[in-house]
S.K.: 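Structure in structure tokens, see below.
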Amino acid sequence: MTAPVPLSGPRFQTEPAQLYREMRREHGSVTPVVLDGDIPAWLVLGYRELHQVTGDPVLFSRDSDLWSQWDHIPDDWPLLPMIGRKQPSILYTVGERHRERVGMISDALEAVDPSELRSYAEKFADELIDGICAKGETDIVGDYAMLLPVRVLARLYGFRDEQGPGLVTALNDMIDGRDRAIAGQTHLATSMGRLLADRKDEPADDVVSRMLAHESGFDDVEIAQDLMVMMAAGHQPTADWIGNSLRLMLTDDRFAASLFGGRNSVAEAMNEVLWEDTPTQNVAGRWASRDTQLGGRRIRTGDLLLLGLQGANSDPQVRTDGSALTGGNNAHFSFGHGEHRCPFPAQEVAEVIARTGIEVVLDRLPDIDLAVPAESLTRRPSPWLRGLTALPVRFTPVPAL
């Protein structure tokens with residue numbers, strides 16, 4: 001048997017599509033991989049196999065306590081924020097309690113007025129464009145896409161607008177996973193705790209108040225954990241969805257029309273990104289509750305299975321012609337699948353923020369163009385999330401609104 005593949009290194013940054021093809025060719029649809037510290041896992045790259053794993057929450061559980069490797073995991077393991085243990089959030093809850101939690105979150109988000117959501121997204125997008133539009137050039141990822149989603153989410157949840165910039169910094173520090181990560185997480189947790197206390201005293205028409213009032217009766221710690229998950233899952237992938245879609249529009253001739261007022265093309269480019277360049281590439285994970293077979297592999301009780309969302313999206317058995325546009329086909333795995341998929345109202349919120357963010361750029365900076373050669377663009381060094389480190393653009397300077 002060939003050696004397991006390290007789930008790290010520059011190729012996840014530079015040529016993941018080629019890497020997933022090689023893995024599939026050498027190992028099949030379920031690939032043995034090693035994480036930091038030589039911790040073994042399986043990466044599920046086959047579309048059919050991923051459907052099987054995400055569709056059977058009993059055999060392939062979200063309960064990380066099942067993991068057979070905990071004895072080998074040090075307290076300072078860098079992936080602990082992504083593969084938590086005894087974490088009282090929606091990510092690791094299973095069964096009926098999980099379904100109640102999804103209900104609480106979905107009800108709280110479903111009550112968001114769509115026109116109000118769009119007007120918040122436009123307001124914050126316009127403010128960010130006002131800060132750069134007179135310059136004639138900018139990094140549209142660092143100066144715009146990475147700042148927008150969390151501002152909108154903070155408003156929906158009940159934070160005051162002036163708290164937005166601090167939350168942006170904290171969340172981006174946390175997701176970067178470097179020396180500021182713990183400080184970012186602490187700032188976010190403290191801010192959430194304060195907001196929960198405020199809303200218990202003085203409820204309002206916002207997501208936090210609706211979660212506190214929900215009949216399922218989750219406690220403050222559980223709600224705070226879920227809000228942090230919602231904020232992180234709602235911000236970074238949405239920011240990358242904006243950045244990756246703008247990159248596609250600026251570099252791919254198939255989408256030239258979207259830069260000249262073709263609104264249909266914005267939706268098409270966004271959908272294409274979810275197939276070809278999805279912001280969430282790989283997800284940890286599921287744990288086998290008993291010995292089983294998957295994709296011709298023997299999976300042992302307690303094994304960790306990583307969900308290879310991008311690998312499955314580009315499975316040649318599904319994408320027989322990888323160069324053809326997908327049209328409106330949204331049978332991709334970018335929002336997950338099964339009872340642990342991203343709740344539908346959360347998907348809608350992300351889509352409104354991303355689409356509004358892109359449309360405001362095209363309205364306000366109509367002649368936007370790439371300022372560097374396309375091949376010089378680089379990605380963040382992560383096997384989990386795929387986004388640009390920067391997207392330098394130029395445009396005719398225009399006055400602020």
Side-chain angles (χ1 to χ4, degrees), residues 3-13 16 19-20 23 30-45 50 53-54 60-94 170-186 188-189 225-226 228-237 240 278-288 299-312 333 336 340 342 379-387 389:
V5 180
L7 203 70
S8 59
R11 295 190 66 203
F12 283 101
Q13 198 175 358
L19 183 57
Y20 296 134
M23 283 183 181
V30 180
T31 297
V33 295
V34 287
L35 304 172
D36 292 69
D38 285 335
I39 302 297
W42 299 99
L43 180 62
V44 184
L45 294 172
L50 194 56
V53 169
T54 51
F60 300 107
S61 174
R62 199 71 178 86
D63 181 0
S64 60
D65 271 359
L66 296 171
W67 199 13
S68 57
Q69 294 296 317
W70 280 120
D71 289 347
H72 307 290
I73 303 296
D75 290 342
D76 60 351
W77 195 49
L79 295 181
L80 274 179
M82 301 195 68
I83 305 176
R85 189 180 198 187
K86 304 254 185 263
Q87 192 195 85
S89 81
I90 188 172
L91 292 181
Y92 301 102
T93 314
V94 296
L171 203 52
N172 289 337
D173 283 347
M174 189 172 102
I175 289 161
D176 261 355
R178 300 207 174 86
D179 50 350
R180 297 275 313 147
I182 301 296
Q185 192 173 28
T186 305
L188 196 59
Q225 284 282 343
D226 285 353
M228 287 182 61
V229 167
M230 289 159 64
M231 189 78 103
H235 168 62
Q236 185 66 58
D240 288 335
T278 190
T280 306
Q281 296 269 303
N282 299 300
V283 171
R286 300 290 186 272
W287 287 267
I299 308 296
R300 303 266 178 202
T301 306
D303 279 4
L304 167 60
L305 297 104
L306 305 172
L307 312 183
L309 306 187
Q310 184 59 62
F333 272 105
H340 282 272
C342 175
R379 306 287 185 154
R380 289 195 311 276
S382 168
W384 311 101
L385 293 167
R386 182 158 170 81
T389 52

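Residues take their numbers from the sequence shown, with the count starting at 1. As the structure is a computational prediction, the values presented were derived from the model and not from experiment.
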S.K.: To the nearest 0.5 Å, how far apart are CG in Leu171 and CE in Met228?
M.R.: 8.5 Å

S.K.: Looking at OG of Ser61 and CH2 of Trp67, how far apart are the two atoms once the value is rounded to the nearest 0.5 Å?
M.R.: 14.0 Å

S.K.: How about Leu66 and Thr301: do any of their side-chain heavy atoms sit closer than 4.5 Å?
M.R.: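 The answer is no; the side chains never approach within 4.5 Å.
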
S.K.: Could you pull out the closest heavy-atom pair between Phe12 and Pro6, with the gap in Å?
M.R.: CE1-O, 3.7 Å

S.K.: Are the side chains of Val283 and Leu306 in contact, using a 4.5 Å heavy-atom criterion?
M.R.: no

S.K.: Could you point out which residue of Leu304, Asn282, Ile39, Leu43 forms a side-chain contact (heavy atoms from CB on, under 4.5 Å) with Val33?
M.R.: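 Output: one option passes, namely Leu43.
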
S.K.: Keeping the roles fixed (side chain from Gln281, backbone from Gln310), state whether a donor-acceptor pair exists under 3.5 Å.
M.R.: no

S.K.: Measuring from atom CG of Leu307 to atom CZ of Arg286, what distance do you get when rounded to the nearest 0.5 angstrom?
M.R.: 5.0 Å

S.K.: Distance check, rounded to the nearest 0.5 Å: Ile83 atom CD1 versus Leu91 atom CG?
M.R.: 12.0 Å

S.K.: What's the separation between atom CH2 in Trp42 and atom OG1 in Thr31, rounded to the nearest 0.5 Å?
M.R.: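 One finds 9.0 Å between CH2 of Trp42 and OG1 of Thr31.
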
S.K.: Applying side-chain hydrogen bond (donor to acceptor under 3.5 Å, both in side chains), name anything that partners Asp240, two or more places apart in sequence or on another chain.
M.R.: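 Asp240 satisfies side-chain hydrogen bond (donor to acceptor under 3.5 Å, both in side chains) with Gln236, Arg380 only.
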
S.K.: Of all residues at least two apart in sequence or in a different chain, which pass the side-chain hydrogen bond (donor to acceptor under 3.5 Å, both in side chains) check with Arg379?
M.R.: Asn244, Asp277

S.K.: Looking at every non-hydrogen atom in both residues, tell me the closest pair between Pro237 and Ala232 and how far apart they are.
M.R.: CD-O, 3.6 Å

S.K.: Asp65 versus Trp287: any side-chain heavy-atom pair under 4.5 Å?
M.R.: no

S.K.: How many angstroms lie between CG in Asp226 and CE in Met231, if you round to the nearest 0.5 Å?
M.R.: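 Rounded to the nearest 0.5 Å, the CG-CE separation comes to 13.5 Å.
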
S.K.: Over all heavy atoms of both residues, which pair between Ala284 and Arg62 is shortest? Give the atoms and the distance, please.
M.R.: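 Nearest pair, atom of Ala284 first, then Arg62: O-NH2, 3.4 Å.
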
S.K.: Is the backbone of His72 close enough, under 3.5 Å, to the side chain of Trp77 for a donor and an acceptor to pair up by distance?
M.R.: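 No; judged by distance alone, with no hydrogens or angles, the pair does not exist.
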
S.K.: Does the side chain of Pro16 come within less than 4.5 Å of Arg386's, by heavy atoms?
M.R.: yes

